[in-house]
Amino acid sequence: MNTTVKLAWYGIIAAARSRWILGYTAFFFLATEGLMRFGGDSGRTVVSLLNIVLLLIPLVSIVIGTMTVYNNRDFTELLLSQPIQRGSLFVGQFLGLALPLVAAFLLGVGLPLLARAGDGEANIGLILMLLGSGTALTLIFTAFALLIANVVEDRAFGLGAALLLWLMTAALYDGIMLAVIWAFRDYPLEIPVLAMSIANPIDLARILVMLKFDVAALMGYTGAVFEKFFGTALGITLAASALVFWLCLPFWSGKVVFDKKDF
Amino acid sequence: MIELRNITKRFGALTVLNGINLRFDAGSITAVLGPNGSGKTTLMKAILGLVRPDKGEVLFAGENVVGTSEYRKSLGYMAQIARFQDNLTAREMIAMMRDLRGNPAYSREQELCECFGLTTHLSKPLRTLSGGTRQKVNAVLTFMFSPTVLLLDESTAGLDPIAAAAFKDLVLQERAEGKTILLTSHILSEVQELADTVVFLLDGNIHFEGGTAELLASTGEATLERAIAQLLQKSLYSKEQTI
């Protein structure tokens with residue numbers, strides 16, 4: 001086993017013993033079970049769950065990620081005093097943080113949804129798209145957490161920056177989008193709106209699921225523009241590619257910062 | 001064994017290490033002394049690669065090791081505060097470090113755990129251990145692979161008198177085995193007991209480098225504590241004069 005895998009494994013062991021990861025898994029499980037029991041078919045459940053996923057996963061990933069990096073700072077020094085390359089440690093820490101969060105989401109949401117997938121009306125593609133989007137958001141916001149915590153030395157400022165990023169992407173973004181659309185309503189807005197939707201990983205994840213659901217009325221303006229411009233298949237490919245870019249950007253930047261950082 | 005050549009490190013406008021040239025030989029204990037913020041810990045971290053020097057070279061066995069990691073197989077570092085992955089037990093922490101070093105055939109963990117009275121604490125999660133007990137775990141991790149270079153940063157600060165005595169015996173034993181030992185401490189009686197050579201740092205510059213006997217003779221003081229106080233006063237006075 002190489003050093004990165006070992007470091008990730010010890011991170012996973014430590015996370016698995018934490019109460020917050022159990023609570024996170026239980027919350028998703030109960031929310032999914034509740035929506036399945038009272039909401040009806042898997043399509044409706046996925047759409048209802050989508051809002052929870054889009055808000056909660058980025059928030060939990062970025063807050064838990066940032067706090068863990070700050071709490072483990074002295075431990076990181078101890079690890080760096082061992083014969084371990086900085087790159088291996090960064091990747092190991094990222095995986096050790098992100099994989100337990102991904103596992104908690106897949107167990108909490110995926111298990112109850114897929115357990116009823118054989119019922120007949122279940123839309124497996126839609127369920128997998130939700131699980132894929134949630135996984136992508138977890139990885140992206142954990143990478144942002146590592147970047148922020150390694151750039152900002154002060155814990156309070158770092159946590160503030162993390163929360164601000166979440167607030168911008170999860171809440172303020174919609175308001176800014178509406179304001180832009182309203183202010184420039186007399187102009188053709190498709191291209192600027194497409195650019196703005198690509199600038200927000202949370203909106204990209206929403207568009208991905210909505211394109212798969214194929215219900216234009218639920219897509220919102222950005223989703224509708226995406227489908228109109230690219231169609232379903234190309235729209236999904238583009239949105240997924242943009243999400244990969246959003247993972248690579250903070251991950252690579254974080255690794256560069258970590259490589260040069262003084263501890 | 002370890003040589004620093006023109007090591008310079010600045011944090012913003014503050015020069016923490018200013019062209020430091022030092023050599024630490026095998027079979028000797030060097031104490032780096034100085035007030036808080038004088039650059040002692042940064043010096044150790046520059047050797048470890050935790051701090052990247054702006055200028056200069058860290059030579060280990062004759063090779064510049066700045067930016068590399070493999071040489072740390074031969075290093076043992078004990079920081080002043082022991083912080084670990086708190087959800088792991090002490091035993092798991094020790095196993096983790098052994099695993100990360102590729103499970104070397106030679107490991108002294110059992111002997112060291114007995115030496116520091118840790119055997120009854122090994123199954124407990126690290127978060128439940130007291131600061132002193134965690135520091136004992138830290139000591140085990142530092143010495144267990146028999147590194148040829150030991151970097152001990154105010155290591156005895158959290159240890160009880162029995163553990164501190166065991167720790168000092170261990171350090172002297174390591175010196176007798178030819179290890180290169182670098183330590184910082186504010187407990188000057190401890191430095192007098194252990195160190196062969198003293199380096200006095202102030203504002204990132206070396207103000208004295210030599211044997212403990214030489215320091216006592218040059219200052220005309222009977223104890224290291226008074227000799228260091230005199231050095232500090234002289235340095236501060238000359239600083240005031242230049243201002």
Side-chain angles (χ1 to χ4, degrees), chain A residues 1-24 64 67-93 95-97 99-100 150 153-155 255-263, chain B residues 9-12 16-17 41-42 44-54 65 67-89 92-93 95-104 125-127 134 137-138 141-142 144-145 147 149-151 153:
Chain A
M1 225 180 352
N2 76 16
T3 311
T4 306
V5 178
K6 285 177 188 172
L7 288 162
W9 177 242
Y10 285 107
I12 291 167
I13 292 175
R17 291 180 186 170
S18 306
R19 285 188 193 141
W20 59 261
I21 199 85
L22 294 174
Y24 188 57
I64 294 286
M67 292 307 294
T68 307
V69 174
Y70 283 122
N71 287 341
N72 284 350
R73 199 191 142 100
D74 293 309
F75 183 57
T76 302
E77 282 188 21
L78 177 69
L79 290 176
L80 282 174
S81 70
Q82 306 302 313
I84 295 171
Q85 289 180 348
R86 286 195 178 202
S88 301
L89 180 53
F90 182 82
V91 179
Q93 279 187 338
L95 294 174
L97 264 170
L99 293 182
N150 279 303
E153 285 294 313
D154 186 277
R155 179 189 293 245
K255 191 170 173 295
V256 169
V257 171
F258 189 79
D259 274 341
K260 294 179 177 170
K261 190 178 162 77
D262 290 321
F263 285 88
Chain B
K9 181 67 192 175
R10 292 186 188 89
F11 291 117
V16 183
L17 296 174
T41 299
T42 307
M44 276 201 181
K45 286 185 172 181
I47 294 172
L48 281 162
L50 290 173
V51 163
R52 298 275 166 93
D54 298 323
V65 291
T68 66
S69 60
E70 200 60 16
Y71 75 102
R72 290 198 287 258
K73 269 186 181 164
S74 310
L75 261 55
Y77 171 56
M78 188 166 167
Q80 58 195 51
I81 300 169
R83 297 239 168 83
F84 306 112
Q85 191 80 273
D86 281 348
N87 285 339
L88 300 180
T89 65
E92 285 169 333
M93 190 70 230
M96 176 184 180
M97 285 301 154
R98 200 175 48 220
D99 191 17
L100 289 173
R101 288 199 178 223
N103 289 307
L126 286 156
R127 66 171 181 277
R134 288 156 71 101
V137 176
N138 211 4
L141 296 177
T142 306
M144 66 188 267
F145 305 108
V149 177
L150 287 158
L151 303 166
D153 191 4

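The sequence lines fix the lettering, A, B, ..., with proteins before strands; numbering per chain opens at 1. The model shown is predicted, which means the values in this text are computed figures rather than measured ones.
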Legend entry - Approximate separation, where rounding is to 0.5 Å, of A/Trp9 CH2 and B/Met96 CE: 12.5 Å
Legend entry - Between B/Glu70, B/Lys73, B/Arg101, the one whose heavy-atom pairs under 4.5 Å with chain A are most numerous: B/Arg101
Legend entry - A/Asp259 versus chain B, the contacting section by heavy-atom distance below 4.5 Å: backbone
Legend entry - Electrostatic pair B/Arg83:A/Glu77 at N-O distance under 4.0 angstrom: no
Legend entry - Shortest non-hydrogen separation from A/Leu79 to B/Met97 and the atoms involved: CD2-CE, 3.7 Å
Legend entry - Region of B/Asn138 in contact with chain A, defined by heavy-atom distances below 4.5 Å: side chain
Inset, instruction - Search all heavy atoms of B/Leu88 against all heavy atoms of A/Tyr10 and return the closest pair with its distance. - result: CD1-CD2, 4.5 Å
Legend entry - Check: A/Asp262 and B/Thr42 side chains under 4.5 Å, non-hydrogen atoms: no
Inset, instruction - Measure B/Met44 against the heavy atoms of chain A and call it side chain, backbone, both or neither at under 4.5 Å. - result: neither
Inset, instruction - Counting only heavy atoms closer than 4.5 Å, note whether B/Leu141 contacts chain A via side chain, backbone, both or neither. - result: side chain
Inset, instruction - Please flag which part of B/Phe11 lies under 4.5 Å from any non-hydrogen atom of chain A: side chain, backbone, both or neither. - result: side chain
Inset, instruction - Measure the CG-CG distance between B/Asp86 and A/Asn72 for me, rounded to the nearest 0.5 Å. - result: 8.0 Å
Legend entry - Region of A/Ser18 in contact with chain B, defined by heavy-atom distances below 4.5 Å: both
Inset, instruction - Mind listing the closest non-hydrogen atom pair of A/Phe75 and B/Phe84 along with its distance? - result: CD1-CA, 3.5 Å
Inset, instruction - Look at A/Ala14, A/Ala15, A/Ala16 and state which one has the largest set of heavy-atom pairs under 4.5 Å with chain B. - result: A/Ala14
Inset, instruction - Could you tell me which non-hydrogen atom of B/Thr89 sits nearest to which non-hydrogen atom of A/Arg17, and how far apart they are? - result: N-NH1, 4.3 Å
Legend entry - Distance (rounded to the nearest 0.5 Å) between B/Asn87 CG and A/Ile13 CD1: 10.5 Å
Legend entry - Student check: side-chain heavy atoms of B/Leu48 and A/Leu80 closer than 4.5 Å: no
Legend entry - Those residues of residues 81-89 of chain A, ordered by number, that approach chain B below 4.5 Å (heavy atom to heavy atom): A/Ser81, A/Gln82, A/Pro83, A/Ile84, A/Gln85, A/Arg86
